Protein chains: 2
Amino acid sequence: MLERDETATTSGRVTIRTVAAHAGVSVAAVSKVLRNAYGVSEALRGKVEAAIEALGYRPSRAARGLRGRTFTIGLLLVDIRNPFLPEIIDGVNGILAPSHYRAMIGVSEARIQLETSLIESMIDYKMDGLILIAPRLPSEIIARFAAQIPIVAIGYHDPDAKNFDTVNCNDQRGAAVAVEAFIERGYRKIGMLTLGSREGHRVSVVRQREIGYSEAMQMAGLGEAIDIHSIPVASPVREESLKAFLLRPDRPEAVFCWSDLDAITLLNMAAEMGIRVPEDLAVIGYDNSPTAALSLVNLASIDQSGHALGVLATETLLSRIEGRETHLAHSTAPSLITRRSLGRIAGLETGSRTTQNSSSQ
Amino acid sequence: MLERDETATTSGRVTIRTVAAHAGVSVAAVSKVLRNAYGVSEALRGKVEAAIEALGYRPSRAARGLRGRTFTIGLLLVDIRNPFLPEIIDGVNGILAPSHYRAMIGVSEARIQLETSLIESMIDYKMDGLILIAPRLPSEIIARFAAQIPIVAIGYHDPDAKNFDTVNCNDQRGAAVAVEAFIERGYRKIGMLTLGSREGHRVSVVRQREIGYSEAMQMAGLGEAIDIHSIPVASPVREESLKAFLLRPDRPEAVFCWSDLDAITLLNMAAEMGIRVPEDLAVIGYDNSPTAALSLVNLASIDQSGHALGVLATETLLSRIEGRETHLAHSTAPSLITRRSLGRIAGLETGSRTTQNSSSQ
DNA sequence: CAAAAAATGTAGAACGTTATACATAGAACG
DNA sequence: CGTTCTATGTATAACGTTCTACATTTTTTG
C-alpha cells in the first residue's frame with residue numbers, strides 16, 4: 001500500500017487531483033473515468049482505477065452537487081410513526097444498495113410550511129430526486145417542485161399529476177376488500193372509521209378508502225347502511241371520539257378502520273370496556289402493522305406491502321432521473337390478512353392472505 | 001415583489017451573485033452577512049437582508065460544503081424498527097427546528113462494512129457532525145472517524161472514548177431497577193433474557209443490562225439464582241429460543257427481558273401456550289415502546305426517554321461542532337413503568353413511573 | 001499513400017459559496 | 001490638524017468536481 005500522495009489537501013483528504021497525479025493523467029481524465037464518459041481507453045481506465053483503489057479515493061458528494069449528480073435520493077416523511085415505513089425503507093435500500101445512490105431521509109410534520117421547507121432543503125443539497133411518503137401538500141405545490149427536481153409520491157392519489165409520478169396501493173380496492181370480507185361472513189351493519197376533515201382532499205389515502213367503502217356498500221345493496229364516523233386528528237379528542245363510537249347505542253356490528261393505528265387503539269378500548277371483539281364488534285384495520293399480527297392483538301388488516309411500494313417508487317424515480325418525462329402512476333393490489341378480529345368463521349388463529357391483482361397505468 | 005434578477009443562473013436559481021447585484025454590494029459582503037461575520041455595518045446588513053427576502057434566496061448547501069458548513073446533522077440508524085427511534089428523532093428535530101441546522105437520516109444494517117460505508121458517505125456530504133444511534137462498530141473505528149468529524153453516540157457505552165461523546169441511559173441501573181422491582185414484590189427466582197453472543201462487547205447496551213442484572217441479584221443475596229438465557233439474533237431460531245425458555249421445567253417465576261421487542265414476542269407466546277402473565281411468569285421489558293402500553297399487551301417496562309436522549313445528543317454534538325474538544329459522557333436515569341405483567345400488587349391496570357436520578361460526567 | 005473520420009486526453013472555465021488579504025474610509029487621539 | 005487605529009467592504013483565490021472545446025493521435029476509407 002502506497003503512502004498518501006502529497007497532492008492531498010491540507011485536511012488530508014484524497015481528491016481527484018491526488019488520483020490524477022498518482023495515475024499520471026489529467027484531472028479531466030479521472031473525471032471521465034468516474035462518469036463513465038465517452039472517450040476513455042482501457043489503458044487509461046486501468047491506470048485510474050488502480051490509483052483510486054490504491055489511494056482509497058471517494059468523490060466529495062458536496063463538490064459533485066455543484067455541477068453533476070450527488071447520487072442521492074431524498075425520502076421525505078411527515079410521520080415517523082407510520083407503521084409501514086420500515087418496509088418502504090427496506091424496499092428503497094434494497095434497490096439502491098448495488099448502486100452509487102444513497103437514500104437520505106428527512107422527517108417533517110404534516111404542515112405545508114414545514115413540508116415545503118424540507119423539500120427546499122433537499123433541493124439545496126442538490127439531491128437527484130425525491131420520494132414523498134404520504135405527503136400532505138396540495139397537488140399544485142408538488143407540481144411546482146417537480147419542475148425543479150424529479151419527484152415520486154407514495155400514498156398520494158392524484159389522477160391529474162403530469163410532471164411527477166405516483167405509486168400507490170389501490171386504496172379504494174383495499175376498502176372494498178374489507179367490506180366484501182365482512183359481507184361474506186354475514187355482517188350487514190358495517191361502519192367505517194375515518195380521519196377528520198383536515199384530510200379533505202381526494203388525493204389523500206383516507207378519502208380514497210372512504211370512497212372505496214361507500215362504493216362497496218352500494219354495490220352490495222347496503223347503501224342505506226353507510227355509516228362513516230370521522231375522528232379528529234389531535235389527541236385527546238381523537239381517543240374520545242373512538243370511545244364515543246364504542247358507546248353508540250346504534251353501533252354497527254362490524255367496522256372498517258382507515259388505519260391500524262386507530263384500530264388498535266379501538267381494540268384496546270373495547271377490551272377495557274368489556275366489548276368483545278369480534279363477537280360484539282368485528283374489526284378490520286389497514287396497513288398490516290407488526291402490532292396487528294401479535295396474537296394478543298390479532299387484528300385483521302389490509303396489507304399494502306410497503307416493501308413493494310418502496311421498490312417500485314425507487315425504480316420509478318431512477319427512471320425519472322435518467323430523463324423520462326412521461327407520467328407514471330403505479331397501483332399495487334391490497335390483500336386482506338384475516339385474523340381473529342374479523343370473526344364469524346372458526347379457526348382464524350393465524351393470519352391468512354386474500355390477494356388481488358396488481359396493475360400499472 | 002420584484003421580478004427574478006437577470007444575474008440568476010441559466011437554471012433559474014437565485015445565487016449569492018444575484019443577491020449582491022440586487023443589493024448593489026459585493027459577493028463577499030453578502031457572504032459576510034450570511035455568516036454573521038465581523039465587519040458588517042447595519043446599513044449593509046439591511047440592504048442584503050432586504051435583497052434576500054425580495055429574491056427568496058436560499059444558499060446552496062452543496063456549495064457551502066466546499067468551504068464552510070452545510071448545517072447538517074447526520075443521524076445513523078442500524079435498525080429502523082428500534083421502538084424508541086421516533087422519540088429520539090422528535091428530540092433532535094425539536095432542538096434543530098429554530099436553527100439553520102437540518103437532520104438527515106441514513107439507514108444501514110448492523111454490519112461493520114455497511115455502517116462504515118454510511119459514515120463515509122455522510123463525511124462525503126460534508127455533514128457537520130454525526131449522531132450514531134446504537135452503533136454496532138468497535139470503539140477504534142468510531143474513534144478513527146471522530147478524528148474527521150464530530151461524533152456523538154447514543155446507546156453505546158464506551159468508558160474509554162476520548163474524541164467522541166456518548167449519551168446513554170444508565171443501562172446497568174435500568175436492569176437493577178427491574179430486579180429490585182421484582183424483589184420488592186416477593187419474587188426470588190428472577191431470570192434474564194439477553195441477546196446472543198454477536199453483541200459480546202462491553203460497549204453494548206445488552207451487555208450493560210446483563211451486568212446490571214447480575215450485580216443487582218448479587219447485591220440482593222441472590223447470586224446463586226442468577227439465570228441468563230441468551231437468545232440468538234436471527235429468526236427463526238430467535239423465536240424458538242424464546243419458546244424453549246417458556247418450556248423449561250425450571251423456568252423462573254419472573255424474567256427481565258433486554259428489550260420490549262423480545263418481551264412482547266414472549267408475552268404472545270405465553271398467551272398461546274396458556275402460560276399466564278403475571279401469575280405463572282412475571283415480565284419486565286426495556287424501552288417502554290408504544291406497544292407495551294396497549295392494555296391488550298400491558299407490559300411493565302424500563303423507560304429510557306428517547307426524547308431526552310435526542311435532545312441531549314443534539315446539544316452535545318452542536319457544542320462539539322462549535323469547537324469543544326473535551327470528552328463528555330452523559331447518562332440519564334431509567335424509570336420503571338409498572339403494568340400488569342409485573343404482578344403481585346393489586347391495582348396495576350395503569351402504568352406508573354418510578355424514577356431515578358440523572359447524572360452527567 | 002493521403003485524406004477524412006473517429007477516438008482520446010488535456011486545458012480551462014464553470015458551478016456557488018467561503019475565507020483572507022488588504023485598500024480605504026471613518027473615528028480617536030495628541 | 002496630522003497621525004494612528006479601527007471598522008468596513010471589496011478583490012481574489014480556494015474548495016473539488018463536471019463539462020466542453022479542441023489539439024492531437026489513431027483508425028478508417030478510397
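The sequence lines fix the lettering, A, B, ..., with proteins before strands; numbering per chain opens at 1. Given the structure is predicted, the values throughout are model-derived calculations rather than measurements.
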### Spacing of OG1 belonging to Thr70(B) relative to OH belonging to Tyr125(A), to within rounding of 0.5 Å
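Between Thr70(B) OG1 and Tyr125(A) OH, I get 5.5 Å after rounding to 0.5 Å.
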### Message
Assess the residue pair Glu120(B) and Arg58(A) against the criterion (salt bridge (Lys or Arg N to Asp or Glu O under 4.0 Å)); give the C-alpha distance rounded to whole Å, side-chain angles, the decisive distance to 0.1 Å, and a yes or no.
### Response
CA-CA 9 Å; Glu120(B) 284 170 347; Arg58(A) 299 190 320 265; 3.8 Å; yes
### Query
Mind checking whether Val78(B) and Pro135(B) have side chains closer than 4.5 Å, heavy atoms only?
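Counting from C-beta outward, Val78(B) and Pro135(B) never come under 4.5 Å.
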### Task
Report yes if the side chains of Val152(A) and Val167(A) come closer than 4.5 Å at any heavy-atom pair, otherwise no.
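They are in side-chain contact.
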Could you state the atom-to-atom distance from [atom1] of [X] to [atom2] of [N] in whole Å?
X	N	atom1	atom2	result
Arg69(A)	dG16(D)	CZ	C1'	19 Å
Ile16(B)	dA19(C)	CD1	P	11 Å
Arg67(B)	dT20(C)	CZ	P	7 Å
Asn36(B)	dT18(C)	CG	C1'	15 Å
Leu34(A)	dT17(D)	CG	P	8 Å
Arg13(B)	dG16(C)	CZ	C1'	9 Å
Lys126(A)	dT17(D)	NZ	P	16 Å

### Message
Applying the Watson-Crick and G-U wobble criteria at under 3.5 Å, what pairs with dT26(D)? Answer none if nothing qualifies.
### Response
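WC or wobble partner is dA5(C).
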### Query
So Glu322(A) and Arg69(A), salt bridge (Lys or Arg N to Asp or Glu O under 4.0 Å) or not? Walk me through it.
CA-CA 11 Å; Glu322(A) 293 304 325; Arg69(A) 287 192 191 162; 3.1 Å; yes
### Task
Looking only at side-chain atoms of Leu66(A), point me to the closest of dG16(D), dC15(D), dT17(D).
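Between dG16(D), dC15(D), dT17(D), the one nearest the side chain of Leu66(A) would be dG16(D).
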### Task
Measure from the side-chain heavy atoms of Ser31(B) and tell me the nearest of dT17(C), dC15(D), dT18(C).
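Looking only at heavy atoms from C-beta outward on Ser31(B), the closest nucleotide is dT18(C).
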Check nucleotides 9-12 of chain D against the protein and report each pair of N or O atoms closer than 3.5 Å, with its distance, or say if there are none.
from    : atom 1 : to       : atom 2 : distance (Å)
dG9(D)  : OP1    : Ser41(B) : OG     : 2.8
dG9(D)  : OP2    : Ser41(B) : N      : 3.0
dG9(D)  : OP2    : Ser41(B) : OG     : 3.4
dG9(D)  : N7     : Lys32(B) : NZ     : 2.9
dT10(D) : OP2    : Ser26(B) : N      : 2.9
dT10(D) : OP2    : Ser26(B) : OG     : 2.8

### Query
Counting only side-chain N and O atoms of Arg64(B), is one of them less than 4.0 Å from OP1 or OP2 of dT17(C)?
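Answer is no, no contact under 4.0 Å.
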### Message
Is Tyr57(B) close enough to dT17(C) that one of its side-chain N or O atoms is under 4.0 Å from OP1 or OP2 there?
### Response
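Affirmative; the distance criterion is met.
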### Lys/Arg N to Asp/Glu carboxylate O, Asp124(B) vs Arg64(A), below 4.0 Å
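No, this pair does not count.
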### Query
Base, sugar-phosphate, or nothing for Arg35(B), non-hydrogen atoms under 4.0 angstrom?
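The residue Arg35(B) makes base contact.
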#### Entry: Test log, rule salt bridge (Lys or Arg N to Asp or Glu O under 4.0 Å), inputs Arg320(B) and Asp128(B)
CA-CA 10 Å; Arg320(B) 266 267 170 197; Asp128(B) 302 312; over 6 Å; no
